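So that the names make sense, note that chain A is the first sequence line, chain B the second, and so on, each numbered from 1. Just so it is clear, the structure is predicted and the values come from calculations on it, not from any experiment.
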Protein chains: 2
Amino acid sequence: MPKVGMEPVRRKALVDAALRVIGGQGTLAVTMSEIARTAGVSPALAHHYFGSKEQLLIATIRSLLGQLRQDAVAAVKAARTPREKVSALIRVSFRADQFAPETVAAWLAFYSEAQRSEDVRRLLVIYARRLRSNLLASLRALCPADDAERIAEGAAAMIDGLYIRQSLKSAPISIEASIALTEDYVNAHLRANGG
Amino acid sequence: MPKVGMEPVRRKALVDAALRVIGGQGTLAVTMSEIARTAGVSPALAHHYFGSKEQLLIATIRSLLGQLRQDAVAAVKAARTPREKVSALIRVSFRADQFAPETVAAWLAFYSEAQRSEDVRRLLVIYARRLRSNLLASLRALCPADDAERIAEGAAAMIDGLYIRQSLKSAPISIEASIALTEDYVNAHLRANGG
DNA sequence: TATTTTTGATTGACTCATCAATCAATAAAA
DNA sequence: TTTTATTGATTGATGAGTCAATCAAAAATA
């Protein structure tokens, strides 16, 4: 079998498999065996390439975050006005694949893990900061600086909150309704405080 | 040792210990041994009274939810006007003990567990519904019905979101700031839509 | 009251399953 | 032949759940 150059292929397959398994079970307490099986390799190979379960999980989170970042950058770049940039950031947060139950479950598991793992926590803090500062940059062009801070904080909180409520799957809020709720929030506050 | 009537005492001690250990470690993946040790009894006794780890965890969540419900009922009863009732509900959600890092960590762990355990999920859904309908009842007196629905939904999401962000402990938002942000949201929308 | 019986409370020791991690062995390129 | 890819088999640790045995209070009986 050993065609040379398998390493990047296997790494990606394992990371993708990890995300799928974690999302499916809604917890980081998944076995290396299951991840490996999903990726179509032996558990030993997973250890060979990642050294430990922890490292594989870190790589998995990194991958998810990296994808989100790419989407956000592209969306902001495509938008013309500051107000459109804000809407673009909101829309990215609720994109269908991000808002899918398995992805939401994975996010939740990562947040929970952040209580224990400093590495995971740091990654999530970076994500939170990035969303906040992206929003802030555009909002500053639309209202006074300290109002912008408050609106950015509030919008970010609302996005996270809608994710959590989505995770319960009780009265699943649609993507459109989630976007509308967040947009409403921004609009109401811009009208009250801004230009 | 056997003074009769230990059962309720031990049950409570174990539930309290479970909440403390879960909060401390930020995960439901805690051992019966540790919970039992914290409660000052043997692991075997924990099994004797609760049958299984799952049952002990369920009882623990029930206890936390029950306390929250009691607080909410009292707060609403004490408030006079509908608008004051809304504020009271917000304040209860951010009460110091509820917003403490260990409690927030425990909540997060429960949400994560809800992805797997139907029992846990049901309990959390009940909590979410209760918060929503409590808010709704008061908001209906303040603005048109469908605006009330949207505001209740948004406020509940914002509260949950502020909890999540609190769990990261990066830029810890103070209790007062969290309350202010939520109140701002309600005010802005009442002004826009309501009386 | 004194003695026996019953029963709730409690635990140490054990079993059984699970899982991360290791390693020696094999197979195929280079 | 050296290096890279890959795995089956194994190990060591951990943790949930079980069980038989012990201890002492309470209830029954003499």
Side-chain angles (χ1 to χ4, degrees), chain A residues 1-22 24-61 109-110 112-113 115-117 119-120, chain B residues 1-61 109-110 112-113 115-120:
Chain A
M1 305 149 191
K3 255 179 291 203
V4 150
M6 279 293 101
E7 176 155 355
V9 176
R10 294 275 115 109
R11 287 191 104 97
K12 180 169 188 326
L14 283 163
V15 162
D16 289 352
L19 190 57
R20 243 175 312 146
V21 174
I22 290 167
Q25 309 204 177
T27 174
L28 293 211
V30 296
T31 68
M32 288 295 262
S33 299
E34 178 133 25
I35 295 173
R37 193 182 332 129
T38 304
V41 299
S42 74
L45 195 65
H47 274 98
H48 174 67
Y49 282 126
F50 285 95
S52 73
K53 186 183 175 182
E54 166 114 15
Q55 285 309 306
L56 171 54
L57 295 182
I58 301 256
T60 304
I61 301 176
F110 293 147
S112 179
E113 179 68 15
Q115 303 299 312
R116 274 146 279 140
S117 162
D119 287 332
V120 172
Chain B
M1 305 150 190
K3 254 178 290 198
V4 149
M6 280 292 100
E7 176 157 354
V9 176
R10 293 275 115 106
R11 285 189 107 96
K12 181 170 187 325
L14 282 163
V15 162
D16 289 353
L19 189 57
R20 246 176 310 149
V21 173
I22 290 167
Q25 307 203 179
T27 174
L28 292 213
V30 295
T31 67
M32 288 295 260
S33 299
E34 177 132 23
I35 295 173
R37 195 182 330 129
T38 303
V41 300
S42 75
L45 194 65
H47 274 96
H48 174 65
Y49 282 126
F50 285 95
S52 74
K53 185 181 175 183
E54 166 114 14
Q55 285 309 306
L56 171 53
L57 295 182
I58 302 256
T60 304
I61 301 175
F110 293 147
S112 180
E113 179 68 15
Q115 303 299 310
R116 274 147 280 140
S117 161
E118 182 56 31
D119 287 332
V120 171

Whole Å only: how far is the NE2 atom of A/H48 from the P atom of C/dC23?
14 Å
Hey, does B/T31 reach any base, or is it just sugar-phosphate, or nothing, if we go heavy atoms under 4.0 Å?
sugar-phosphate
Non-hydrogen side-chain atoms of A/H48 and A/R10 separated by less than 4.5 Å:
no
I'd like to check A/E113 versus A/L57 (side-chain heavy atoms, cut-off strictly below 4.5 Å). Are they in contact?
no
Going by the side chain to side chain contact (heavy atoms under 4.5 Å, CB included) test, name the single residue among B/I22, B/V120, B/T60 that passes it with B/L28.
B/I22
What's the CE-P distance between A/M32 and D/dT10, to the nearest Å?
21 Å
Please report the distance, rounded to the nearest Å, between OH in B/Y49 and C1' in C/dT11.
12 Å
Do any N or O atoms from the side chain of B/K53 and from the backbone of B/A29 form a donor-acceptor pair under 3.5 angstrom?
no
Starting from C1' on D/dA16, measure out to CG on B/L45 and report it in whole angstrom.
16 Å
Starting at atom CZ of A/R11, determine the distance to atom P of D/dT4, rounded to an integer number of angstrom.
15 Å
Using whole Å, report how far NZ of B/K53 lies from P of D/dT14.
15 Å
Using a cut-off of 4.0 Å on non-hydrogen atoms, how would the nucleic acid contact of A/V30 be classed: base, sugar-phosphate, or nothing?
sugar-phosphate
Grab the CE-P distance between A/M6 and D/dT3 for me, whole Å please.
20 Å
Taking 4.0 Å as the cut-off, does a side-chain nitrogen or oxygen of B/R10 come that near to OP1 or OP2 on C/dT10?
yes
To the nearest Å, how far apart are B/H47 NE2 and C/dC14 P?
18 Å
